[in-house]
> 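Let me begin by handing over the structure; questions about it come next.
Just so we're on the same page: letters track the sequence lines, and every chain starts at 1. The figures here come from the full heavy-atom set of this structure, side chains too, leaving out hydrogens, waters and symmetry mates.
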Amino acid sequence: MNPFTEPITVSHYLVVGAVLFVLGVLCMATKRNALGVLMGIELVLNGANVNFIAFGSDYLREVNLGIDGQLMALFVIVLAAAEAAVALAIALNFYNNHTTIDVDQADDLKG
Amino acid sequence: VIGDSLLMAAINWHSVFFFLFAAIACFFGAAVLFSANVVRMAFYLVISLAATSGLFFLAGSEFLGAMQIMIYVGGTLVLLIFGVMLTAQEAFVNMKTRGGEWVLGLIVGASLLLLLVSTAANVRAWREPHPELVKYKQSVDKAEDDARDAISYEERQAAWDGVHQPEFKPHERTTAQMGFAFTGVRVDSEEAANATLRRGQSGYLLAFQAVGMHLLIVLVGAAYLSRTKRFGAARARAVSTYQERSRTRGKLVSAWIVIGIVLNLVLAVATIAGQASFQEDYPELLIDPPSWLFPVVSLLFLANVLLLAVVWGWQRWGIIALWIIPIAQATLLATNGLDPRVAAGLAVALLIPVAVLTALVSIGRPTAWSQMD
C-alpha cells in the first residue's frame, strides 16, 4: 500500500500530535535548563493543538468540531504565549536571585 | 508508456505534503530534545512549530496556521531567545542531561508514545478517511486501471476525466465565522437543525473577555517579576562556585577500573572460546544448555565493560548496575542447566572485584562516591 496515494485521516494527525506531546514531556523531564523546560511546554501545547485542528477539520471527517476546534486551538496559542511570558519572567527572577537557571538548583523549598 | 504524466495523478499530494510537514515537525521536535545547546534548541523549535503550521494549513485552518507563525514563531520564540541572551553564561548555554536520566526518560517516553499511538490508530471513526476522499480514491484507482487498458490517448484522457471530484461542506470565511464567534454570534450554526442547540450556541464572548483580562494581568505580572536587580559581587561568586567542579579520582580506583575493563574483555572472549572445551571436560556440570546461553553471558561481560566506562564518567548508576550483572549471569546459568553450586561460586567470584571497586570509591578524601552524579 503506497501511503502517498491514501487519503489522510484523523489518526495520522493524532499520531503526529502524540509524538510532539511525548517529545515535549521528555524535554520537560530531562532538561536542566529552565528555558529548555519552557520549550518542552511549547511542544506539548503544540501537540495538543494538532489534535484540536484535526478534530475540527472539514477535510478529515464528515462530522467534525467545525470552528470550535479552531477556536480552542486559538485559545491554547494565546495562553501558551501568556504562559511563556510569565515563565520567562520567573526564570529571569530566579536567575537574578540564584545566578543560575539550572532547575536542579531550585530546591529552596525542600523540607 | 512509463514516465506518463498521468501516473502522477494517482498520487495524493495532500498526503505527500502531510508526511513532509509531519516528518519535519517530529524530526526537529526530537532535535530540541536531544540538543544540549539552548540557542540551537530555540532554532529547532522554530522549525518544528513552522512545520506544524503547515499541518494546520493542510487541515483547512488557514487562520490558525497564520496565527501559529505570527504568535509562536514571531512572538514566543523571540521571547525565549531574549531569555537565552539575558541569562547566557558559558555554563548554562550547554547543560548536559545525566546518562541515567536519559535511560529512564526514554523508557517512560517510549511507553507513553506506544499507548497514545495505539489509541490513535485503533479507533475506527478516526481511522476512516472522509467519505468523499474514499470515493475519490476509488475513482482514481478505477481510472488508473482504465487508462492502463486504453489504446488511444483520448480514451486515456476520458478515463481520467471520470475521476470523482471530492465535495466538502462549503468551507468559506472560517476566519469571519471565528471573529463572529468571539463576539458571541455563531453564524456557522444558524442553520443547525436542533432549535435548542441553535439557541445554546452563544459563542465565545465570555472566554474572549477572560483571555483578554488574563493577558493584561500576565503582562503586568511578567513586567513586575522580571524587573532588574543588581547583585554584582554575589553573582560573580555564585557563578564561580557553579562552574564545573574539578573532580579527583584516586590512582587505585583508576587502576582498578582499567584492570576491570581488560578482565571483562578477556572473560567475554574466553566465554565464547572456551564453550566447547568446558562442555567436553565437565559434561555433568552443564546439562544441555541452550545455544544462546554462552553468547548472552559473553555479551553481559561486554556490558560490564560499558558500565565501567560509565563509572569512569562519574555516574553512580554504573556501580549499581555492576552489582546486578554478575547476579544476572549466575541466575541465567543456573536456570539453564549449570550446577547451582557452581553458579553460586561464580557469582561470588565475580562480585568480589565489584565489592573491591565499591570499597575503593568509598575511601579517600573526598571519596569518589561523593563526587559522582
> Got B:His130 and A:Arg61 here, is their nearest side-chain heavy-atom distance under 4.5 Å?
no
> Mind checking whether B:Leu113 and A:Leu23 have side chains closer than 4.5 Å, heavy atoms only?
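No, side chains not in contact.
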> Could you check whether any side-chain heavy atom of B:Tyr72 comes within less than 4.5 Å of a side-chain heavy atom of A:Leu45, counting everything from C-beta outward?
yes
> So, do A:His12 and B:Phe19 sit near enough that their side-chain heavy atoms are less than 4.5 Å apart?
yes
> Could you tell me whether B:Arg40 atom CZ has more than 12 heavy atoms of other residues or ligands within 6.0 Å of it?
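Counting other residues, nucleotides and ligands, CZ of B:Arg40 stays at 12 neighbours or fewer.
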> I want to check something: taking the side chain as every heavy atom from C-beta on, are B:Val123 and A:Ser11 in contact at a cut-off of under 4.5 Å?
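SC-SC contact between B:Val123 and A:Ser11 ruled out.
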> At a 4.5 Å cut-off on heavy atoms, which part of B:Tyr224 comes close to chain A: side chain, backbone, both, or neither?
neither
> Taking all non-hydrogen atoms of both residues, which atom of A:Tyr59 and which atom of B:Leu58 are closest, and how far apart?
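The answer is CD1-O, 4.4 Å.
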> Measure distances from B:Leu79 to the heavy atoms of chain A and classify the residue's part below 4.5 Å as side chain, backbone, both or neither.
both
> I need the residue from B:Ala125, B:Ala110, B:Ala120, B:Pro166 with the largest number of non-hydrogen atom pairs under 4.5 Å to chain A.
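Looking at each of B:Ala125, B:Ala110, B:Ala120, B:Pro166 in turn, B:Ala120 comes out on top.
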> Highest number of heavy-atom pairs under 4.5 Å with chain B: which of A:Leu14, A:Val25, A:Leu92, A:Ile67?
A:Ile67
> Looking at B:Val218, B:Leu33, B:Asp141, B:Leu116, which has the largest count of heavy-atom pairs under 4.5 Å with chain A?
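Greatest number of close heavy-atom pairs with chain A: B:Leu33.
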> With a 4.5 angstrom heavy-atom cut-off, which part of B:Leu49 approaches chain A: side chain, backbone, both or neither?
both
> If I measure from the heavy atoms of chain B, does A:Asn49 come under 4.5 Å with its side chain, its backbone, both, or neither?
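The answer is both parts of A:Asn49.
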> For B:Ser35, is it the side chain, the backbone, both, or neither that has a heavy atom closer than 4.5 Å to a heavy atom of chain A?
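Just the backbone, heavy atoms under 4.5 Å.
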> Pick whichever of A:Ile77, A:Val86, A:Val15 has the most heavy-atom pairs under 4.5 Å with chain B.
A:Ile77
> Quick one: does B:Ser15's side chain have a donor or acceptor within less than 3.5 Å of a partner on A:Glu6's backbone?
yes
> In terms of ring plane angle, is the pair A:Tyr13 and B:Phe18 parallel, tilted or perpendicular, where the classes change at 30° and 60°?
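Because their plane-to-plane angle lies in the 30° to 60° range, the rings of A:Tyr13 and B:Phe18 count as tilted.
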> Find out whether A:Leu60 and B:Pro129 are in side-chain contact, i.e. whether some heavy atom of one side chain is under 4.5 Å from a heavy atom of the other.
no
> Using non-hydrogen atoms only, which part of B:Leu115 is less than 4.5 Å away from chain A: side chain, backbone, both, or neither?
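It is neither, since no heavy atom gets under 4.5 Å.
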> Check this for me: B:Phe57, atom CZ, are more than 12 non-hydrogen atoms of other residues, nucleotides or ligands nearer than 6.0 Å?
yes
> Between B:Val32 and chain A, which part of the residue has a heavy atom less than 4.5 Å away: side chain, backbone, both or neither?
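B:Val32 touches chain A through backbone and side-chain heavy atoms alike.
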> If you compare all heavy atoms of B:Leu225 against all heavy atoms of A:Ala89, which two are closest, and at what distance to 0.1 Å?
CB-CB, 3.8 Å
> Rounded to the nearest 0.5 Å, what separates atom OG1 in A:Thr5 from atom NZ in B:Lys137?
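It is 4.0 Å, given to the nearest 0.5 Å.
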> Using heavy-atom distances under 4.5 Å, tell me whether A:Ala85 contacts chain B through its side chain, its backbone, both, or neither.
both
> Checking side chain to side chain contact (heavy atoms under 4.5 Å, CB included) against B:Leu64, which of A:Leu71, A:Ile53, A:Val76 comes through?
A:Ile53
> Decide if atom CZ of B:Phe34 counts as having more than 12 heavy atoms of other residues, nucleotides or ligands within a radius under 6.0 Å.
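More than 12 within 6.0 Å, yes.
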> Do you know the tightest heavy-atom contact between B:Gly105 and A:Leu26?
O-CD2, 2.9 Å
> What part of A:Met72 is in contact with chain B, defined as an atom under 4.5 angstrom from a non-hydrogen atom: side chain, backbone, both or neither?
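It is the side chain, since no backbone atom gets that close.
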> For chain A, find which of B:Ala42, B:Ala23, B:Ala22 contributes the most heavy-atom pairs closer than 4.5 angstrom.
B:Ala42
> Describe, in one word, how the ring planes of B:Phe182 and A:Phe75 are oriented to each other, choosing from parallel (under 30°), tilted (30 to 60°) and perpendicular (over 60°).
perpendicular
> List the steps and the verdict of side chain to side chain contact (heavy atoms under 4.5 Å, CB included) for A:Asp68 and B:Tyr204.
CA-CA 9 Å; A:Asp68 287 309; B:Tyr204 287 84; 2.7 Å; yes
> If you count heavy-atom pairs under 4.5 Å between each of B:Met41, B:Gln68, B:His214, B:Glu132 and chain A, which one has the most?
B:Met41
> Quick check on A:Ala91 against chain B: is it the side chain, the backbone, both or neither that has a heavy atom closer than 4.5 Å?
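For A:Ala91, neither part sits under 4.5 Å from chain B.
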> Compare every heavy atom of A:Asn33 with every heavy atom of B:Val38, then report the nearest pair and how far apart it is.
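Closest pair (atom of B:Val38, atom of A:Asn33, distance): CG2-ND2, 3.1 Å.
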> I'd like to verify something: which residue of A:Val22, A:Val50, A:Leu20 has the highest number of heavy-atom pairs under 4.5 Å with chain B?
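The option with the most such pairs is A:Val22.
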> About how many Å separate CD of B:Gln177 and CD of A:Gln70, when rounded to the nearest 0.5 Å?
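If I round to the nearest 0.5 Å, the distance is 9.0 Å.
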> Measure across A:Glu42 and B:Leu45 and return the closest heavy-atom pair with its distance rounded to 0.1 Å.
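Shortest heavy-atom separation between A:Glu42 and B:Leu45 comes out as CB-CD2, 4.2 Å.
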> If I measure from the heavy atoms of chain A, does B:Leu215 come under 4.5 Å with its side chain, its backbone, both, or neither?
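For B:Leu215, side-chain heavy atoms alone lie under 4.5 Å from chain A.
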> Could you pull out all residues at least two apart from B:Glu101 that satisfy salt bridge (Lys or Arg N to Asp or Glu O under 4.0 Å)?
B:Arg98
> With chain B, which of A:Leu43, A:Asn46, A:Leu38, A:Val63 has the greatest number of heavy-atom pairs at distances under 4.5 Å?
A:Asn46
> With a 4.5 Å cut-off on heavy-atom pairs, point out which of B:Ala207, B:Ala25, B:Gly221, B:Ala121 contacts chain A the most.
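The option with the most such pairs is B:Ala207.
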> Taking A:Pro7, A:Ala18, A:Ala87, A:Gly56 one by one, which has the highest count of heavy-atom pairs under 4.5 Å against chain B?
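The candidate making the most pairs under 4.5 Å is A:Pro7.
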> Set out, in order, the CA-CA distance, both residues' side-chain angles and the distance that settles side chain to side chain contact (heavy atoms under 4.5 Å, CB included) for A:Phe4 and B:Asn12, then state yes or no.
CA-CA 6 Å; A:Phe4 293 139; B:Asn12 188 335; over 6 Å; no
> I want to check something: taking the side chain as every heavy atom from C-beta on, are A:Thr9 and B:Trp126 in contact at a cut-off of under 4.5 Å?
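A side-chain contact is absent here, since even the closest heavy-atom pair is not under 4.5 Å.
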